[in-house]
Trainee: 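Input: one structure, supplied below.
Throughout, numbering of the chain's residues begins at 1 and tracks the sequence.
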Amino acid sequence: MTFFALLLKLSFITGGTPPATAADQPRSRYLMGTLLTIEAPTEAASAAFKTVADIESWMSTYKEDSELSTLNAASGTGPVSVSDPLWNVLMEARKYWRLSKGAFDPAYKSEGGFNRIQFDEDNQTVSLPKGLRIDLGGIGKGWALDRAAETLRARGITTARLDFGGQILVFSPSLRRNYRLVEIADPACHRRPLSTGRSIFCKPAETLHLANGSIATAGTIERPDHIVDPKTGKPVKNTGSISVTAPTATAADAWSTAVFAGGLENLPTEKSICALEIKNAAAVWHGDCSNTRRKL
């Protein structure tokens with residue numbers, strides 16, 4: 001998958017908390033191919049933006065001189081030493097590749113996929129077979145969101161909201177008083193809004209609440225062939241969408257990709273992982289949704 005190719009059309013409204021102060025008003029920057037909006041004090045938000053910009057500099061496959069592009073260009077040449085940040089995100093990618101039994105595969109464009117990559121943990125090197133390419137588009141945005149949240153927390157921020165092209169991450173000290181209502185767009189609604197492309201006449205397919213954690217959505221309405229099933233190598237024909245909530249943005253990003261590409265049987269049974277399937281104008285909940293399903 002290319003960066004940020006997932007259908008992430010989530011709108012965001014506040015519920016349960018007073019309006020943000022002037023110092024906490026959302027700020028936005030265009031990073032990693034999409035818009036990142038952070039609701040936090042100016043100085044902390046600026047530091048978080050820099051964190052994501054630094055990640056983009058070595059993770060983007062659109063930058064020929066990025067570390068990931070350099071690694072891909074070295075496929076077939078033997079072991080390549082990689083930096084700690086790239087190594088860490090590759091280890092996360094390998095974890096979700098294993099947990100999803102291959103439904104999440106950052107090397108899906110290459111024959112044989114992620115299974116053919118050799119990782120040397122003692123020397124922190126990566127060996128790519130000739131012609132194999134890694135693309136972290138199914139996990140990179142979530143991983144960057146988690147690092148941005150770490151930057152905010154390190155500066156004493158206890159409550160924040162980050163919206164990265166539709167994938168949302170929030171954290172707050174209280175589960176009962178601080179929460180956000182998240183509207184999940186109906187994937188059948190093709191009309192664009194005034195701000196992000198969605199028409200004001202399009203009603204949300206479902207609404208949930210989120211106090212601590214992240215939600216990511218995968219779908220193919222606007223780009224029908226961009227999500228590929230790694231097991232078949234063919235585009236997924238699902239016309240609905242899958243939204244996954246998880247404790248971390250990395251997990252939400254990876255699982256939304258895995259479940260949409262490989263089916264709901266790939267959804268983990270662990271607590272705090274919830275999937276919302278929108279298909280044929282119907283909303284169906286799967287997994288542990290007790291903390292996210294909207295309480296009327």
Trainee: Would you kindly say whether Ser75 and Arg133 are connected by a side-chain donor-acceptor distance under 3.5 Å?
Mentor: yes

Trainee: Would you compute the distance between atom OG1 of Thr125 and atom CD of Glu121 and round it to the nearest 0.5 angstrom?
Mentor: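 Going from OG1 on Thr125 over to CD on Glu121, the span is 10.0 Å.
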
Trainee: Check the surroundings of atom CD in Glu43: do more than 12 heavy atoms from other residues, nucleotides or ligands lie under 6.0 Å from it?
Mentor: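 Counting neighbours around CD of Glu43, 12 or fewer heavy atoms of other residues, nucleotides or ligands fall under 6.0 Å, so no.
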
Trainee: Would you say the side-chain atoms of Ser172 pair up with the backbone N or O of Ala211, donor to acceptor, closer than 3.5 Å?
Mentor: yes

Trainee: Classify the side-chain pair Ser81/Gln124 by whether it contains a donor and acceptor separated by less than 3.5 Å.
Mentor: no

Trainee: If you compare all heavy atoms of Ala246 against all heavy atoms of Ala252, which two are closest, and at what distance to 0.1 Å?
Mentor: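 Closest approach of Ala246 to Ala252: CB-N, 3.7 Å.
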
Trainee: To the nearest 0.5 Å, how far apart are CG in Asn123 and CG in Asp120?
Mentor: 4.0 Å

Trainee: On a heavy-atom basis, which atom in Leu132 and which in Gly113 lie closest, and how many Å separate them?
Mentor: CD1-O, 3.3 Å

Trainee: Of the non-hydrogen atoms in Ser256 and Ala218, which two are nearest, and what is the gap between them?
Mentor: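 Heavy atoms only, the tightest pair is O-CB, 3.5 Å.
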
Trainee: What I'd like to find out is whether the side chain of His286 reaches to under 4.5 Å of the side chain of Cys274, using heavy atoms alone.
Mentor: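 No - every pair of side-chain heavy atoms lies 4.5 Å or more apart.
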
Trainee: Is the backbone N or O of Ser66 less than 3.5 Å from a side-chain atom of Ser69, with the two atoms forming a donor-acceptor pair by type?
Mentor: no

Trainee: So, Gln167 and Ser214: side-chain donor and acceptor under 3.5 Å apart, yes or no?
Mentor: yes

Trainee: Does Leu128 reach the side chain of Ile117, with side-chain heavy atoms less than 4.5 Å apart?
Mentor: yes

Trainee: What are the two closest heavy atoms between Ile134 and Thr61, and how far apart are they?
Mentor: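 Reported closest heavy-atom pair: O-CG2, 3.8 Å.
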
Trainee: Keeping Arg27 on the side-chain end and Ala40 on the backbone end, is there a donor-acceptor pair under 3.5 Å?
Mentor: yes

Trainee: Heavy atoms, side chains only, cut-off 4.5 Å: are Phe104 and Leu99 in contact?
Mentor: no

Trainee: Do Val284 and Trp255 share a hydrophobic cluster (ILVMFWY, side-chain heavy atoms under 4.5 Å, transitive)?
Mentor: no

Trainee: Find out whether Val89 and Met59 are in side-chain contact, i.e. whether some heavy atom of one side chain is under 4.5 Å from a heavy atom of the other.
Mentor: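 Yes, at least one pair of side-chain atoms sits under 4.5 Å.
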
Trainee: Run the numbers on Lys50 and Asp54 for side-chain contact (heavy atoms from CB on, under 4.5 Å), then give the verdict.
Mentor: CA-CA 6 Å; Lys50 184 180 184 304; Asp54 290 343; 3.0 Å; yes

Trainee: Would you say Ser241 and Thr217 are linked by a side-chain donor-acceptor pair, where the criterion is simply a distance under 3.5 Å?
Mentor: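 Short answer, no.
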
Trainee: Can you measure from CG (Leu208) to OG1 (Thr292) and round to the nearest 0.5 angstrom?
Mentor: 5.5 Å

Trainee: If you round to the nearest 0.5 Å, how far is CD1 of Ile38 from CZ of Arg29?
Mentor: 8.5 Å

Trainee: Hey, what do you get for CZ (Phe164) to CG (Leu145), rounding to the nearest 0.5 Å?
Mentor: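 Phe164 atom CZ to Leu145 atom CG measures 6.0 Å (nearest 0.5 Å).
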
Trainee: Do the side-chain N and O atoms of Asp288 and Ser272 include a donor-acceptor pair separated by under 3.5 angstrom?
Mentor: no

Trainee: Tell me if a side-chain donor or acceptor on Thr34 pairs with a main-chain N or O of Tyr30 at a distance below 3.5 Å.
Mentor: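 No, Thr34 side chain to Tyr30 backbone: no donor-acceptor pair under 3.5 Å.
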
Trainee: Side chains of Thr257 and Ile139, heavy atoms from C-beta outward: is any pair under 4.5 Å?
Mentor: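 Contact flag for Thr257/Ile139 side chains = no.
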
Trainee: So, Ser110 and Arg116: side-chain donor and acceptor under 3.5 Å apart, yes or no?
Mentor: no

Trainee: Ignoring hydrogens and angles, tell me if any N or O in the side chain of Asn88 forms a donor-acceptor pair with the backbone of Asp84 under 3.5 Å.
Mentor: yes

Trainee: Any chance CD of Glu265 has more than 12 other-residue heavy atoms, nucleotides or ligands included, within less than 6.0 Å?
Mentor: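 For Glu265, atom CD is crowded (more than 12 foreign heavy atoms under 6.0 Å).
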
Trainee: Distance from Arg147 atom CZ to Ile55 atom CD1, nearest 0.5 Å?
Mentor: 7.0 Å

Trainee: Run the side-chain contact (heavy atoms from CB on, under 4.5 Å) test on Leu162 and Ile168 for me, step by step, so that the C-alpha distance in whole Å, both residues' side-chain angles and the decisive distance to 0.1 Å come before the verdict.
Mentor: CA-CA 6 Å; Leu162 302 89; Ile168 294 170; over 6 Å; no

Trainee: Taking the basic N atoms (NZ, or NE/NH1/NH2) and the acidic carboxylate oxygens, is any pair closer than 4.0 Å for Lys141 and Glu56?
Mentor: no

Trainee: Please answer: with hydrophobic residues joined when any side-chain heavy atoms are less than 4.5 Å apart, are Leu169 and Leu35 in the same cluster?
Mentor: no

Trainee: Using side-chain heavy atoms (C-beta onward) and a distance below 4.5 Å, is Ile278 in contact with Ile242?
Mentor: no

Trainee: Kindly give the heavy-atom pair with the smallest separation between Ser127 and Gly78, and that separation in Å.
Mentor: OG-C, 3.7 Å

Trainee: Taking the six-membered ring for Trp, are Phe114 and Phe119 parallel (under 30°), tilted (30 to 60°) or perpendicular (over 60°)?
Mentor: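 Rings of Phe114 and Phe119: tilted, as their planes differ by 30° to 60°.
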
Trainee: Are any side-chain N or O atoms of Asp135 and backbone N or O atoms of Pro106, one a donor and one an acceptor, separated by less than 3.5 Å?
Mentor: no

Trainee: Using the rule given for side-chain contact (heavy atoms from CB on, under 4.5 Å), can you reason through Asp163 versus Leu36, listing the C-alpha separation, both sets of side-chain angles and the distance that settles it, and then say yes or no?
Mentor: CA-CA 6 Å; Asp163 183 341; Leu36 170 60; over 6 Å; no

Trainee: Check whether NZ of the Lys or CZ of the Arg Arg153 lies under 6.0 Å from the centre of the six-membered ring of Phe171 and within 45 degrees of that ring's axis.
Mentor: yes

Trainee: Would the distance check show the side chain of Asn266 and the main-chain N or O of Ala103 forming a donor-acceptor pair, the cut-off being under 3.5 Å?
Mentor: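 No; judged by distance alone, with no hydrogens or angles, the pair does not exist.
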
Trainee: Are Met91 and Trp58 connected in a single hydrophobic cluster, I mean Ile/Leu/Val/Met/Phe/Trp/Tyr linked by side-chain heavy atoms less than 4.5 Å apart?
Mentor: yes

Trainee: Go through Leu264 and Glu277 one step at a time and tell me if the side-chain contact (heavy atoms from CB on, under 4.5 Å) criterion holds.
Mentor: CA-CA 9 Å; Leu264 284 159; Glu277 180 186 20; 3.4 Å; yes

Trainee: Do the non-hydrogen side-chain atoms of Leu276 and Ile215 ever get within less than 4.5 Å of each other?
Mentor: no

Trainee: Mind listing the closest non-hydrogen atom pair of Ile157 and Ala44 along with its distance?
Mentor: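 Looks like CG1-CB, 3.7 Å.
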
Trainee: Is there a side-chain contact between Pro247 and Ile273 in this structure, where contact means two heavy atoms from C-beta onward sitting under 4.5 Å apart?
Mentor: yes

